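Predicted model only: the values in this text are computed from it and were never measured.
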Amino acid sequence: MILLLCVAFDLIFSGARVIDGTGAPWFRADVGVRGDTIAAIGDLRKAKARRRVDLHDLALSPGFIDMLGQSELNALVDPREESKVRQGITTELTGEGISPAPMNKAWIHENKPWLDKYWLKIDWTDLNGYFRRLRRAHPSINTAVLVGAAQVRGIVLGFKDVQPDRKQLEKMERLVAEAMSQGAYGISTGLIYQPGSFAKTLELIALAKVAARYHGIYASHIRNEARHIGDALDEAFVIAREAQIPVEIWHLKVAGRANWGRMKEVIGLIDKARAAGLDITADMYPYVASANGLDANIPDWAHDGGVDAMIGRIHDKAQRERMLREMGEDFHPEDILLLSAVTPEIRQKYVGKRLDEVAKLLGQPPAEALIDLVAQDRANIGVARFGMSEDDVKLGLGQSWISIDTDYGAMGVDGPFSAEGSAHPRAFGTTARILGHYVRDEHIFTVEEAVRKMTSLPARRIGLQDRGIVRAGMKADLVAFDPATVKDTATFEKPLQYPEGIAYVMVNGRLVLDEGERTRERPGRPLLNSNAAAFGLRPSRAKPGPPP
């Protein structure tokens, strides 16, 4: 600890119960901030400061890091990023198989309904261009990006179920290398979503090897989270071994009622891989429902060629009947809750209802209603899927190598995204649910361990060397909360509600939440992977042109 008597600080948090992010027991100390950096920790009662905040018995920890945040475009539309700020999230990792770059006209077309709805124009082609645009938006929190394997695949191969030849694979590898050199922290996959699901394991190994040269990670929404989860994990282990790359399993779960109780088996497989020397970790969100697009129910082959081609198949009688037959086995409409839509009619009539209820209102069998809704909203309907058991969730969260994610983009109770009408409560309540329900109520782990899962563990996993721990010289991303009262208030019925018990949030040395009130500060920044320079690999300086 450091005693400084004559040095001025911009702000001193005094009397804090410091939970430093390492998992060690909390200790009482003052924390002094200068500029965007933690300058001192210790007894600072006699030190001068422009402002002093007495925290009394509030805990002071590193700012929380969202291991999968999904705000890469949301931050450009509404840079307040309220749902993240009010949870104490100061940094998010984003890019689940798709990413903000590389970008071309075909990808823009695929996302046109969403882009048009929010008046967002994509005017970049590479990560350099995206980061410039993000800086101009002045986001509230920090953003770290992975390059999506599906994004790269879409650039080179389009959206068809085809395999690359040698030259095409080399082009994909060059695009990954370019993104890594421009600041990406690794490569990612979303292997239940198209066109990413069309990729074979050898393709993923080749791209992961490129990311590994830059000391990046491989993060994956694995190919199956239900009956065949063992096979999907094996694929991730093969990629870790062959590419010699750290692997992060995103939002680990065991989905489907028939698979409840298998989390112990899944943990055993990961522990065995780790014991064999594979660098495997995972993250979770603390809910029994997942969230994705309603079109995820439509068989893989029907997505071949992109959204336009899929809608054409829905309107073809023979292909429509094939879809309906193949959807039948694991289809539970009562477990699907509509969360969002682009089309106003769908949003106003059906968001907030279960699919079986929507089907009754439409006078159709649920599967028929599903594919018609997908076509009507051009695959933009978001849903929650109630497919997990609470016992499995608790068992998973308790593992030492599990960090925390929201798997949801930033939004607010007001502003453009509130017009969607609903959300998964994880968008608003994830960190507070961990600290309140699972620490204070369920006693799954200590508050110090919970903080570690949301700070130093994800920071080290991503490769953020200057964040995730309360220590002099680290960046001043900090959150002050009350361990006795912090709780989530967002529910599936009323999800647009901020948590309670989080009083102060600081990003890069500036308060974005002050005594529970949102400030006008938006000090977030892109966080760039520094390994490119460290290993003699220089970031590209090319200026982006118009999308090709």
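For the side chain to side chain donor-acceptor pair (under 3.5 Å) with S140, the qualifying choice from R518, R80, E82 is R518, the only one to do so. When each of L478, V53, V31 is tested with L11 by the rule side chain to side chain contact (heavy atoms under 4.5 Å, CB included), just one qualifies, namely V53.
The distance from the CG atom of D78 to the OH atom of Y118 is 10.0 Å, given to the nearest 0.5 Å. The OG atom of S188 sits 4.0 Å away from the CH2 atom of W250 when rounded to the nearest 0.5 Å. Rounding to the nearest 0.5 Å gives a distance of 9.0 Å between CG of L457 and CD1 of I402. Expressed to the nearest 0.5 Å, how far CZ of R525 lies from CG of L527 amounts to 7.5 Å. Atom CZ of F481 and atom CZ of F64 lie 5.0 Å apart (nearest 0.5 Å). Rounded to the nearest 0.5 Å, atoms CZ (R347) and CG (L339) are 13.5 Å apart.
With hydrogens and angles disregarded, a donor-acceptor distance shorter than 3.5 Å links the side chain of S83 to the backbone of M411. S403 contributes no side-chain N or O that, together with a main-chain N or O of P458, makes up a donor-acceptor pair within less than 3.5 Å. Listed for the D477 side chain is no donor-acceptor partner under 3.5 Å among the backbone atoms of V507. N111 places no side-chain N or O within 3.5 Å of a backbone atom of W114 that could act as its donor or acceptor partner. S99 contributes a side-chain N or O that, together with a main-chain N or O of G148, makes up a donor-acceptor pair within less than 3.5 Å. In terms of modelled atom types and a separation under 3.5 Å, the side chain of E448 and the main chain of W26 share a donor-acceptor contact. Under a 3.5 Å cut-off, the side chain of T491 and the backbone N or O of K494 do form a donor-acceptor pair. Looking at E248, its side chain never comes within 3.5 Å of a backbone N or O of Y218 through a donor-acceptor pair. Panel note: side chain R174, backbone L169; no donor-acceptor pair is recorded below 3.5 Å. At distances below 3.5 Å, not a single donor-acceptor pair connects side-chain atoms of E178 with backbone N or O atoms of D126.
Side-chain atoms of I469 and T22, non-hydrogen and from C-beta on, do get closer than 4.5 Å to each other. Residues P62 and V479 form no side-chain contact, since every pair of their non-hydrogen atoms from C-beta on lies 4.5 Å or further apart. Counting heavy atoms from C-beta on, the side chains of I404 and Y285 never come closer than 4.5 Å. By the 4.5 Å heavy-atom criterion applied to side chains, L58 and R17 are not counted as neighbours. Between V512 and R522, the closest side-chain pair of non-hydrogen atoms is not below 4.5 Å. Q497 places none of its side-chain heavy atoms less than 4.5 Å from the side chain of F428. At a threshold of 4.5 Å between non-hydrogen side-chain atoms, the residues N529 and M180 count as touching. The side-chain heavy atoms of D295 and N380, taken from C-beta on, include no pair separated by under 4.5 Å.
The minimum heavy-atom distance between A341 and V351, with the atom names listed, is N-CG2, 4.2 Å. G468 and M474 get closest at one heavy-atom pair: N-CE, 4.5 Å. Nearest heavy atoms, G429 versus D488: O-CB, 3.5 Å. Pairing each heavy atom of L207 with each of I187, the nearest pair is CB-CD1, 3.5 Å. Pairing each heavy atom of A177 with each of Y214, the nearest pair is O-OH, 3.5 Å. Contact detail for W107 and G154: the closest heavy-atom pair is NE1-CA, 3.6 Å.
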Please determine whether side chain to side chain contact (heavy atoms under 4.5 Å, CB included) holds for the pair I65 and L93, giving the CA-CA distance in whole Å, both sets of side-chain angles, and the decisive distance to 0.1 Å. CA-CA 8 Å; I65 298 172; L93 179 68; 5.8 Å; no
Run E203 and R153 through salt bridge (Lys or Arg N to Asp or Glu O under 4.0 Å) and show every step you take. CA-CA 10 Å; E203 176 185 321; R153 177 174 246 272; 2.9 Å; yes
Stepwise, does the side chain to side chain donor-acceptor pair (under 3.5 Å) test hold for D377 with T343? CA-CA 6 Å; D377 206 52; T343 305; 2.4 Å; yes
Side chain to side chain contact (heavy atoms under 4.5 Å, CB included) between I381 and V383: does it pass, once the steps are laid out? CA-CA 7 Å; I381 294 175; V383 300; 4.0 Å; yes
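Using modelled atom types and a 3.5 Å distance limit, the side chains of T406 and D66 yield a donor-acceptor pair. For H251 and E96, the side-chain atoms include at least one donor-acceptor pair closer than 3.5 Å. For E72 and T94, the side-chain atoms include at least one donor-acceptor pair closer than 3.5 Å. Side-chain contact of E92 with N142: a donor-acceptor pair under 3.5 Å is absent, judged by distance alone. Side chains of S14 and D30: no donor on one and acceptor on the other come within 3.5 Å. Residues T189 and S220 have side chains that bring a donor and an acceptor to within less than 3.5 angstrom of each other. In the model, N128 has no side-chain atom that pairs as donor or acceptor with a side-chain atom of R133 under 3.5 Å.
Salt bridge annotation for D36-K475: present, with a cationic side-chain nitrogen under 4.0 angstrom from a carboxylate oxygen. With salt bridges taken as basic N to acidic carboxylate O contacts below 4.0 Å, one links R136 and D123. Remark: D308 engages R378 in a salt bridge, criterion side-chain N to carboxylate O under 4.0 Å. Salt-bridge check for K453 with D405: failed, with every basic side-chain N at 4.0 Å or more from each acidic carboxylate O. The pair R471-D20 does not meet the salt-bridge criterion, since no charged nitrogen lies less than 4.0 angstrom from a carboxylate oxygen. In summary, R51 and D10 do not engage in a salt bridge, as defined by a charged side-chain N under 4.0 Å from a carboxylate O. A salt bridge does not link K84 with E81: none of the charged nitrogens is closer than 4.0 Å to a carboxylate oxygen. By the 4.0 Å N-to-carboxylate-O rule, D279 lies close enough to R461 to be salt-bridged with it.
With a 6.0 Å cutoff to the six-membered ring centre and a 45° limit on the axis angle, R426 does not count as a cation-pi contact of Y408. Cation-pi geometry between R34 and F9 is met: the NZ or CZ atom falls under 6.0 Å from the ring centre, inside 45° of the normal.
For residues 507-528, no pair satisfies ring-ring contact (aromatic ring centres under 6.0 Å, His included), with sequence neighbours left out.
A 6.0 Å sphere centred on CD of E170 holds more than 12 heavy atoms belonging to other residues, nucleotides or ligands. Around the NZ atom of K487, the shell of radius 6.0 Å holds no more than 12 heavy atoms that belong to other residues, nucleotides or ligands.
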